[in-house]
There are 2 protein chains.
Amino acid sequence: MSQRNTGVTVQVVNAHACPVREVLDRVSGKWSVQILVAAAHGPIRFTELERSIEGISRRMLTLTLRNLERDGLVTRTVHPTVPPKVEYELTPVALELHETLQRLTDWAERNRVYIAESRAAYDTEREEPADA
Amino acid sequence: MSQRNTGVTVQVVNAHACPVREVLDRVSGKWSVQILVAAAHGPIRFTELERSIEGISRRMLTLTLRNLERDGLVTRTVHPTVPPKVEYELTPVALELHETLQRLTDWAERNRVYIAESRAAYDTEREEPADA
DNA sequence: CGGAATCCTTGTAGATACTG
DNA sequence: CAGTATCTACAAGGATTCCG
């Protein structure tokens, strides 16, 4: 990447970039999805997000929020009151994404047991090959 | 994971894990999805995967394949010929996942331009505030 | 051909402290 | 309240090499 590194990784998207990677890149990271879920119900404040996500650091919340805002997935509204109040809200595009994500969740729900068993079986086979 | 750490390790999912995180954890990583896509059309060999994915290293291909196999998403079939021939194929569960992933792709396709423009606008605003 | 082992660079995220 | 800045860690991923 010849570009200047301004903090936000702005790597040149590969020309061949398949849409699959594109969306995954956008949703990757530990927190993006959880923020989308938490904000899906309507406008939510910074601190509310911080508490509802449970485990996220202030830093990561800010960073992830910034990226989502940059991609046009959340809007940031500052209420010039005192103390300050900032609300985040999903854009229509993000709401669509959220719906799609729910399909993924459904898949996970349906096959959660299958996957757990597959793992257990796989691990058992390799961990105790000396078992008689 | 009692296993030795060979590089990429799939940490035990937290008990509180919401399904969203669960599926994302499974699909995360740069290569999982691309392998699912490449193998969706039918059995495919290791080397074919390596070439069709373009950019993946031997190491990551092996590692990702192992994890997918462990989760019961791909089957690994060794043909005891010489030279060796190993074929990977998606399981029914993985095919379902693949379909769901396509919905995500559709979303990306539909909103690719919107997102690109959002980014451009966002970056422009912050990069040249001193512009006269 | 398919894969394992090793080494090294990087991104991603946590903790902490300071500000408007 | 809602951030920002810095410093650190760890684990993902790349490159290379050896093996069946």
Side-chain angles (χ1 to χ4, degrees), chain A residues 1 3 5-11 14 21 24-35 39 43-69 74-89 126, chain B residues 1 3-14 21 24-35 39 43-70 74-89 126:
Chain A
M1 307 322 147
Q3 212 81 345
N5 192 337
T6 56
V8 185
T9 325
V10 193
Q11 64 206 353
N14 310 329
R21 270 243 57 72
L24 258 294
D25 282 343
R26 185 132 21 252
V27 161
S28 77
K30 273 167 80 173
W31 307 111
S32 303
V33 174
Q34 288 173 82
I35 290 180
I44 187 171
R45 301 184 57 177
F46 187 88
T47 315
E48 291 177 320
L49 278 171
E50 192 175 10
R51 277 178 313 210
S52 75
I53 289 189
E54 191 76 32
I56 194 170
S57 64
R58 223 187 207 72
R59 178 182 132 86
M60 287 318 295
L61 181 55
T62 302
L63 283 179
T64 311
L65 241 16
R66 285 289 171 281
N67 281 318
L68 291 174
E69 190 192 352
V74 305
T75 58
R76 179 169 176 273
T77 310
V78 182
H79 300 276
T81 59
V82 50
K85 174 177 177 180
V86 181
E87 285 189 319
Y88 293 90
E89 185 171 15
R126 329 192 85 220
Chain B
M1 301 303 124
Q3 212 84 346
R4 252 174 334 139
N5 191 336
T6 55
V8 175
T9 310
V10 182
Q11 61 206 358
V12 182
V13 178
N14 308 329
R21 271 242 57 71
L24 259 294
D25 281 344
R26 186 132 22 253
V27 161
S28 77
K30 271 165 81 172
W31 308 110
S32 303
V33 174
Q34 289 174 81
I35 290 179
I44 186 170
R45 301 184 56 178
F46 186 89
T47 317
E48 291 177 320
L49 278 171
E50 192 174 9
R51 278 178 313 207
S52 75
I53 291 188
E54 190 79 32
I56 194 171
S57 64
R58 221 190 209 67
R59 179 182 130 86
M60 288 318 295
L61 181 55
T62 302
L63 249 25
T64 310
L65 243 14
R66 284 289 170 281
N67 281 318
L68 291 175
E69 190 192 351
R70 192 166 96 103
V74 305
T75 58
R76 178 170 177 271
T77 310
V78 180
H79 300 276
T81 59
V82 51
K85 174 178 177 179
V86 181
E87 285 191 318
Y88 293 90
E89 187 171 13
R126 326 193 88 220

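Chain letters run A, B, ... following the sequence lines, proteins first, then strands; residues in each count from 1.
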Classify Arg58(A) by what it touches in the nucleic acid, base, sugar-phosphate, or nothing, heavy-atom distance under 4.0 Å. base

Audit row: Glu54(A), Arg51(A), side-chain contact (heavy atoms from CB on, under 4.5 Å) steps and yes/no: CA-CA 6 Å; Glu54(A) 191 76 32; Arg51(A) 277 178 313 210; over 6 Å; no

Quick one: which of dC1(C), dA2(D), dG3(C) gets closest to the side chain of Pro84(B)? dC1(C)

Within the structure provided, determine whether Phe46(B) and Thr62(B) are in side-chain contact (heavy-atom separation under 4.5 Å). yes

Measure CD/Glu50(A) against C1'/dA15(C) and give the value in whole Å, please. 13 Å

Nearest-neighbour nucleotide for the Lys30(B) side chain, dT4(D), dA2(D), dG14(D) considered: dG14(D)

Tell me the interatomic distance from Arg66(B), atom CZ, to dA12(D), atom C1', rounded to whole angstroms. 18 Å

Round to the nearest Å and state the distance from Leu63(A) atom CG to dT6(D) atom C1'. 13 Å

Do the side chain of Arg59(A) and the base of dG3(D) come within less than 3.5 angstrom through a donor-acceptor pair of N or O atoms? no

From CZ of Phe46(B) over to P of dA4(C), roughly how many Å is that when rounded to an integer? 9 Å

Sugar-phosphate only, base, or nothing, as touched by Thr62(A) at under 4.0 Å among non-hydrogen atoms: base

On the nucleotide dC1(D), are OP1 or OP2 found under 4.0 Å from the side-chain N or O atoms that Arg45(A) carries? no

Between dC1(D) (P) and Tyr88(A) (OH): distance, integer Å: 14 Å

Which nucleotide in dG3(C), dA2(D), dG14(D) has an atom nearest any side-chain atom of Arg76(A): dA2(D)

Per the side-chain hydrogen bond (donor to acceptor under 3.5 Å, both in side chains) rule, which among Arg45(B), Glu87(B), Lys85(B) passes with His79(B)? Glu87(B)

Using whole Å, what does the distance between atom C1' of nucleotide dT9(C) and atom CE of Met60(B) come to? 14 Å

Mind checking whether Ile35(B) and Leu65(B) have side chains closer than 4.5 Å, heavy atoms only? yes

To the nearest angstrom, the CD-C1' distance between Glu69(A) and dG3(D) comes to 13 Å

Should Met60(A) and Lys30(A) count as side-chain neighbours, where that means a heavy-atom distance under 4.5 Å? no

Protein-nucleotide distance (Ile35(B), atom CD1; dG13(D), atom P), rounded to Å: 11 Å

